[in-house]
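Some notes on the structure that comes next.
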Amino acid sequence: MFEIEQKTIEEKIKKFVIRNDIPYIDLKWSTIPFNGEWGISVSFFQIAANEAKLGRNKGIPVSQRAAEISKQVKEYLGSVPSFSHIESVNAYLNLYYSTSDYAARVVNSVFDTGDKFGAGVPKNERVMVEYAQPNTHHSFHIGHARNTLLGESLARIVQFAGFDTIRASYPGDIGLGVITVLWAYNKFYRGKEPEGIHERGQWLANIYTEASRLLEPRDGETPQEKNQRELYDSERREMYRRWDAGDPEVRNLWSMTREWSLEELRDILRILGTKIDVWFFESEVDEPSKAIVDELIARDIATDERKSGGAVIVKIDEKLGLKKEKYRTNVILRSDGTTLYLTKDLALAKEKFEKYHVDRSIYVIDVRQSLHMQQTFAILRLWGFPQADKCYHLAYGYVSLPEGAMSARRGRVVLFKEVYNEAIQRVLKVIVEKNPNMPQDEREGVAQKIGLGALTYSMLSVDNNKDIIFDIDEALNFEGRTGPYIQNAYVRANSILKKYWAENQLSAGKNLPSFEFDYILGNHEIELIEQIARFPGLVQQAAREYRPMIIAAYVYDLANCFHSFYHAVPVLQTDQNSIRNARLNLVAAAKQTIANALALLGITAPEVM
RNA sequence: GCCUUUGUAGCUCAAUGGAUAGAGCGCCUGACUUCGGAUCAGUAGGUUGCGGGUUCGACUCCUGCCAAAGGCACCA
């Protein structure tokens with residue numbers, strides 16, 4: 001926010017350093033870590049260390065020399081516009097902002113940009129974020145929820161940071177798992193269809209669990225049981241063969257049940273606030289990927305071992321000329337000529353770059369698929385795919401349960417929809433207790449926002465590379481470092497403004513008095529303003545590092561500052577109008593910033609709770 | 001066997017190579033007849049897995065161990 005002033009001072013320091021015959025190195029600025037007053041800081045360790053390295057320090061220890069330079073620079077600078085004072089502490093040079101200027105600048109900047117406060121300038125680069133890749137014929141569990149919440153938040157952050165952003169979903173609508181459901185449905189439940197989008201989707205998932213039990217070998221099974229199982233398995237294989245051959249009966253059954261799953265998926269994405277721009281389906285890249293295999297064989301990148309009963313493989317390390325094993329060898333076409341996940345990913349990459357003209361492609365996929373993704377990108381490089389190094393796998397830790405990994409096959413999953421419903425029930429209970437005057441018709445909507453806010457925050461406040469052991473009581477906690485805590489800060493800010501408008505018979509919205517920060521600000525005000533000012537920089541960092549956690553941590557700090565401020569600093573109760581007006585505006589700026597930051601996480605704050 | 005990731009307070013997690021390693025939960029102690037107590041203020045709690053190295057400076061980078069999780073060709 002003070003970039004120009006910082007630049008000017010940097011130039012001055014540079015001039016001073018060079019004039020004193022000290023080799024100059026670019027300065028690294030940071031904010032002063034002390035409370036109470038804000039400003040920027042720079043240290044002279046690097047310059048002193050560099051000087052020592054060149055043997056020009058006259059034997060003075062680095063830290064002592066750095067402190068010396070810092071002191072000299074302070075003397076040289078004297079007083080500087082926009083900064084109230086400068087101090088030299090050890091090797092550091094601290095420049096303190098002029099309080100009233102800075103405060104007004106920050107708050108006005110929020111009002112000038114509103115819900116765009118914190119957004120970056122357009123970067124002229126198009127990024128595709130691929131997430132929400134559940135299989136159809138299964139149900140959406142909390143592992144999928146982490147994936148989707150993370151992908152959606154990342155998309156919002158990247159977009160807000162200034163990149164042209166495309167959201168892509170890639171459901172797995174074909175494969176052995178899908179066929180298993182078709183087989184069992186056809187055999188045991190033909191013609192049945194439960195009422196309700198979610199009930200129907202979950203019912204299909206139960207069929208999968210049931211079918212898996214029938215198809216998996218068991219310890220100590222009798223010969224009859226074994227025969228039965230093998231018969232079922234051959235029926236399933238036959239079903240896959242018929243699907244592959246385009247048998248109309250199987251295809252119809254497939255598209256009907258597939259649609260049931262997609263309907264449920266679309267509704268869950270709606271609940272999560274996700275609007276997918278581009279839908280890819282595994283079934284649609286199946287055929288195009290076979291052409292790529294042919295090309296890879298023709299160019300001797302892939303080895304066709306089908307004549308000897310094998311598959312089509314790529315010896316990735318060998319083709320890349322690597323001595324140590326890194327990507328190993330992988331199959332890109334089964335011996336029966338059908339494609340694999342990896343095969344389809346090759347066609348998908350091509351489609352993304354060629355049809356949608358993206359400059360960068362981010363795959364939000366569980367860490368367990370890291371090797372697979374690296375193999376995919378390596379084969380793209382071998383193929384000569386021009387944007388192979390523009391593909392990035394955002395690996396995140398997976399979600400498991402206290403009793404172990406989730407398994408759709410064993411029916412050991414926690415469904416997102418069940419957690420969501422439970423969240424709403426719990427919030428409604430709290431509302432009855434804490435805000436019994438809330439009108440009935442408002443409660444449901446508020447409960448949805450708070451419940452989802454709690455779940456979302458619990459997922460996004462841990463870094464990407466951390467696994468999560470899902471505990472519903474932790475995920476739906478409403479106190480402390482949680483979504484509702486932050487939403488509550490927003491609500492409190494709102495209630496101050498509402499009261500002001502009501503008392504002065506003004507219409508709610510932007511009716512705020514003009515203001516100046518021409519009094520001595522207290523620590524709570526200073527810290528709150530400082531937090532607001534940090535937001536734009538953190539948006540860029542989060543986008544650069546693909547880490548929504550940065551924003552999650554930030555918005556908690558901001559809310560925490562606001563709660564402290566709220567408790568300690570009177571706003572409407574202030575006697576002096578000028579102070580009241582300034583604080584009112586600060587409250588409005590904080591409210592806006594909380595909303596903007598929460599929006600990047602996909603969390604909405606209600607006006608009351 | 002090879003590869004990847006992780007190891008920080010009792011638990012769950014933070015910390016662009018930089019000033020005093022911070023939060024939440026839990027424990028304990030307090031808070032205005034006030035703008036909403038889903039809150040605030042405070043106490044206690046640390047050899048950052050262990051050993052070397054690089055650096056003026058290491059939780060952070062390199063290296064060797066130890067421990068945990070995950071992955072390693074016809075699943076996705």
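Note on naming: letters A, B, ... go to the chains in the order of the sequence lines (proteins, then strands), and numbering restarts at 1 for each one.
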What integer number of Å spans the C1' atoms of B:G37 and B:A31? 10 Å
Stems involving RNA chain B, each a run of at least 3 consecutive Watson-Crick or G-U pairs under 3.5 Å: B:1-7 with B:66-72, B:10-13 with B:22-25, B:28-31 with B:39-42, B:49-53 with B:61-65
When the P atoms of B:G1 and B:U43 are considered, how many whole Å apart are they? 50 Å
Without decimals, in angstroms, what is the distance between A:Gln375 CD and B:A76 P? 14 Å
Check whether A:Arg426 reaches the backbone of A:Gly451 with its side chain - one donor and one acceptor, N or O, closer than 3.5 Å. no
Tell me, with the steps shown, if A:Asp173 and A:Ser283 meet side chain to side chain donor-acceptor pair (under 3.5 Å). CA-CA 6 Å; A:Asp173 60 341; A:Ser283 59; 2.5 Å; yes
To the nearest Å, how far apart are A:Ile486 CD1 and B:G36 C1'? 18 Å
Criterion side chain to side chain donor-acceptor pair (under 3.5 Å) on A:Glu607 and A:Tyr490, from CA distance to verdict: CA-CA 8 Å; A:Glu607 298 297 312; A:Tyr490 177 90; 2.9 Å; yes
Please list, one pair per line, the donor and acceptor atoms closer than 3.5 Å that link side chains of residues 552-572 of chain A to other protein atoms, with sequence neighbours excluded.
from, atom 1, to, atom 2, distance (Å)
A:Tyr554, OH, A:Gln531, O, 2.7
A:Asn560, OD1, A:Tyr485, OH, 3.1
A:His563, ND1, A:Arg492, NH1, 2.6
A:His563, NE2, A:Tyr485, O, 3.1
A:Ser564, OG, A:Asn560, O, 3.1

So if I take every side-chain heavy atom of A:Tyr556 and compare against B:G24, B:C40, B:A38, which nucleotide ends up nearest? B:G24
On RNA chain B, more 5' by nearest nucleotide between A:Ile469 and A:Lys344 is A:Ile469
Choosing from B:A31, B:A19, B:A38, which nucleotide comes nearest the side chain of A:His567? B:A31
Taking only the P atom of each, what is the distance from B:A44 to B:U29 in whole angstrom? 15 Å
Could you check whether A:Asn477 gets within reach of a base, just the sugar-phosphate, or nothing at all, counting any heavy atom under 4.0 Å? nothing
Is a donor-acceptor contact shorter than 3.5 angstrom present between the side chain of A:Ser43 and the base of B:A19? no
What contact category does A:Ala49 fall into here, base, sugar-phosphate, or nothing, at under 4.0 angstrom with non-hydrogen atoms? base
Can you tell me whether the side chain of A:Arg65 and the base of B:C56 have a donor-acceptor pair closer than 3.5 Å? no
Say you pick atom C1' in B:G57 and the same atom in B:U20; how far apart are they, in whole Å? 16 Å
So if I take every side-chain heavy atom of A:Arg368 and compare against B:U39, B:U6, B:G70, which nucleotide ends up nearest? B:G70
When all nucleic acid strands are considered with a 4.0 Å heavy-atom cut-off, which category describes A:Glu282: base, sugar-phosphate, or nothing? sugar-phosphate
From CD of A:Glu325 over to P of B:A73, roughly how many Å is that when rounded to an integer? 10 Å
At less than 3.5 Å, do the side-chain atoms of A:Asp557 and the base atoms of B:A14 form a donor-acceptor pair? no
Base, sugar-phosphate alone, or nothing: which one does A:Phe45 contact when heavy atoms must sit under 4.0 Å apart? base
Is a side-chain donor or acceptor of A:Arg146 paired with a backbone partner of A:Gly397 at a separation under 3.5 angstrom? yes
On a whole-Å scale, what distance lies between the C1' atoms belonging to B:A21 and B:U8? 8 Å
Can you check ring pair (Phe, Tyr, Trp, His ring centres under 6.0 Å) on A:Tyr546 and A:Tyr396, steps first, answer last? CA-CA 11 Å; A:Tyr546 302 147; A:Tyr396 63 90; over 10 Å; no
Please state how far atom CG in A:Asp336 lies from atom P in B:C75, giving the value in whole angstrom units. 9 Å
Determine the Euclidean distance between corresponding C1' atoms of B:U5 and B:A9; express it in Å to zero decimal places. 23 Å
A:Ser495 vs B:G36: side-chain N/O to OP1/OP2 distance below 4.0 Å: yes
Touch class at under 4.0 angstrom, heavy-atom based, for A:Lys434 against every strand present: base
Taking the six-membered ring for Trp, are A:His137 and A:Tyr208 closer than 6.0 Å centroid to centroid? no
Touch check for A:Met549, heavy atoms < 4.0 angstrom, all strands: base, sugar-phosphate only, or nothing? sugar-phosphate
Side chain of A:Arg492 (C-beta onward), nearest among B:G24, B:G36, B:C74: B:G36
Considering every strand and a 4.0 Å limit on heavy-atom distances, what is the contact class for A:Val367: base, sugar-phosphate, or nothing? nothing
Considering only B:C35, B:A19, B:C13, which nucleotide approaches the side chain of A:Lys466 most closely? B:C13
Between B:C40, B:A76, B:A38, which nucleotide gets closest to the side-chain atoms of A:Pro484? B:A38
A:Gln64 near the nucleic acid: base, sugar-phosphate alone, or nothing, with a heavy-atom cut-off under 4.0 Å? nothing
Of the listed nucleotides (B:A38, B:A76, B:G36), which one gets closest to any side-chain atom of A:Leu340? B:A76
Atom CG of A:Asn90 and atom C1' of B:C56 are separated, to the nearest Å, by 13 Å
How far, in whole Å, is B:G42 from B:G49 if one measures between their C1' atoms? 32 Å
Categorize A:Asp463 for me: base, sugar-phosphate, or nothing, with a 4.0 angstrom heavy-atom threshold over every strand shown. sugar-phosphate
Choose from B:C56, B:A14, B:C40 the nucleotide whose nearest atom is closest to any side-chain atom of A:Val62. B:C56
Expressed as a whole number of angstroms, how long is the span from A:Ile431:CD1 to B:G36:C1'? 14 Å
Could you check whether A:Tyr566 gets within reach of a base, just the sugar-phosphate, or nothing at all, counting any heavy atom under 4.0 Å? base
If you go through the side-chain atoms of A:Glu479, does one of them form a donor-acceptor pair with the base of B:G37 closer than 3.5 Å? no
Find the distance A:Asn560:CG to B:G24:C1' and express it as a whole number of Å. 10 Å
Tell me if a side-chain donor or acceptor on A:Asp467 pairs with a main-chain N or O of A:Tyr398 at a distance below 3.5 Å. yes
What's the closest nucleotide to the A:Arg334 side chain, out of B:A73, B:C74, B:C72? B:C74
How would you label the contact of A:Ser370 with the nucleic acid (heavy atoms, under 4.0 Å): base, sugar-phosphate, or nothing? nothing
Using the P atom as the reference point in each nucleotide, state the distance between B:A58 and B:U48 in Å, no decimals. 12 Å
Candidate nucleotides B:G70, B:A76, B:G36, ranked by approach to the side chain of A:Val491 - the nearest: B:G36
